[in-house]
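Start at 1 with the first residue, then count along the sequence.
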Amino acid sequence: MSQLSAEIPDTARIAAPIGVFDSGMGGLSVVAELHRQLPRESILYYADTAHVPYGSRSDAEIRELTADAVAWLFQAGCKAVVVACNTASAFSLTSLRQHYGARLPIIGLVPALKPAVAATQSGVVAVLATAGTLRGDLFNTVIRQIAEPAGVHVLTAFSAALVPFVEQNQHHSIECEQELHRVLQPLCAAGADQLVLGCTHYPFLSPAIGRAIGTQLTLIDSGAAVARQTVRVLIDHGLLRPIHTQPVFFQYAVTGDPEHAAPIVAQLVALPFRRVMVY
């Protein structure tokens, strides 16, 4: 692919792919939403499967790995990058935007507390997220700005086992269902009626969540909102592909074992795809 720079023609930038980055395969839930709302856009997905999960890593390590991933997508010619990882967004968005400026629009994730707060009838909402996301300033700022003024109590839950269930293609297993019941039942008992899925892996757990705890919790994820924000950003920067353009491609790259990744991509994304190498 061509290098992306401020000097290349606007037509070339418009035709360039959207880069999407996650620590693993969870960001494919965002890819699905992007494709639904932007069916003419090409997408290049970068999964740092050699280092997944990010949630238990140090703040500095998360920032370094995220910077490396976004730099790769930039060099691969992407016109914009979606950081489809709540943990990476929590620690890296500000520095990434300062570094790239107008050269590369960057869209990030934040747990979808706003719609949860608006929808709750019990006044209690829950957030299921990684340890990194829960300790990040971004998440806690949203609690202070959105939940506290509305008088809504926010419960949090975490399980280190959930991301690996998706990464290992075991998210339909009885073991996954049992772990979800263990983690989520206390939230139900505490009166929560909304569950914010604060990790892009977790939408793939929705069927197992339903089996584990029934329908008390309404599930809310950020994928659709991030896709809408990506549409706005592309329009604002004059980078949206015209509706008459030809069908596009979906490519993915992984830093870990590509043979392990291929069947998982095939199951999680209903799009023709091609793997590219990470150099």
Treating [X] as the side-chain partner and [Y] as the backbone partner, does any N or O pair qualify as donor plus acceptor under 3.5 Å?
X	Y	answer
Arg97	Ile106	yes
Asn86	Gly198	yes
Thr49	Gly24	no
Thr120	Val117	no

**OP:** Step through the shown structure and confirm whether more than 12 heavy atoms of other residues, nucleotides or ligands are within 6.0 Å of CG on Asp137.
**Re:**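 No, because the 6.0 Å sphere around CG of Asp137 holds 12 heavy atoms or fewer from other groups.
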Subject >> Within 6.0 angstrom of Ile243 CD1, more than 12 heavy atoms from elsewhere >> reply: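 Open.
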Subject >> Pair Arg57 + Glu64, salt bridge at N-O below 4.0 Å >> reply: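 Looking at Arg57 and Glu64, the cut-off is not met.
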Subject >> Partners passing side chain to side chain donor-acceptor pair (under 3.5 Å) against Thr200 (at least two apart in sequence or in another chain) >> reply: Asp22
**OP:** Apply side chain to side chain donor-acceptor pair (under 3.5 Å) to Thr133 and list each qualifying residue two or more places apart in sequence or on a separate chain.
**Re:** Thr87, Thr130
**OP:** Consider only side-chain N and O atoms of Thr66 and Arg63, and report whether a donor and an acceptor are under 3.5 Å apart.
**Re:** no
For residues [X] and [Y], determine if any side-chain heavy atom of one lies less than 4.5 Å from a side-chain heavy atom of the other.
X	Y	value
Leu205	Cys176	yes
Val226	Glu33	no
Tyr252	Val31	no

Original post:
Quick one: ring pair (Phe, Tyr, Trp, His ring centres under 6.0 Å) partners of Tyr54, sequence neighbours excluded?
Top reply: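 For Tyr54, no residue satisfies ring pair (Phe, Tyr, Trp, His ring centres under 6.0 Å) once neighbours in sequence are set aside.
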Spacing of [atom1] belonging to [X] relative to [atom2] belonging to [Y], to within rounding of 0.5 Å:
X	Y	atom1	atom2	answer
Ile209	Phe204	CD1	CZ	12.5 Å
Phe165	His171	CZ	NE2	11.5 Å
Leu65	Phe21	CG	CZ	7.0 Å
Met25	Asp48	CE	CG	11.0 Å

Subject >> Common cluster, Leu138/Ile220, ILVMFWY with side-chain heavy-atom separation under 4.5 Å >> reply: no
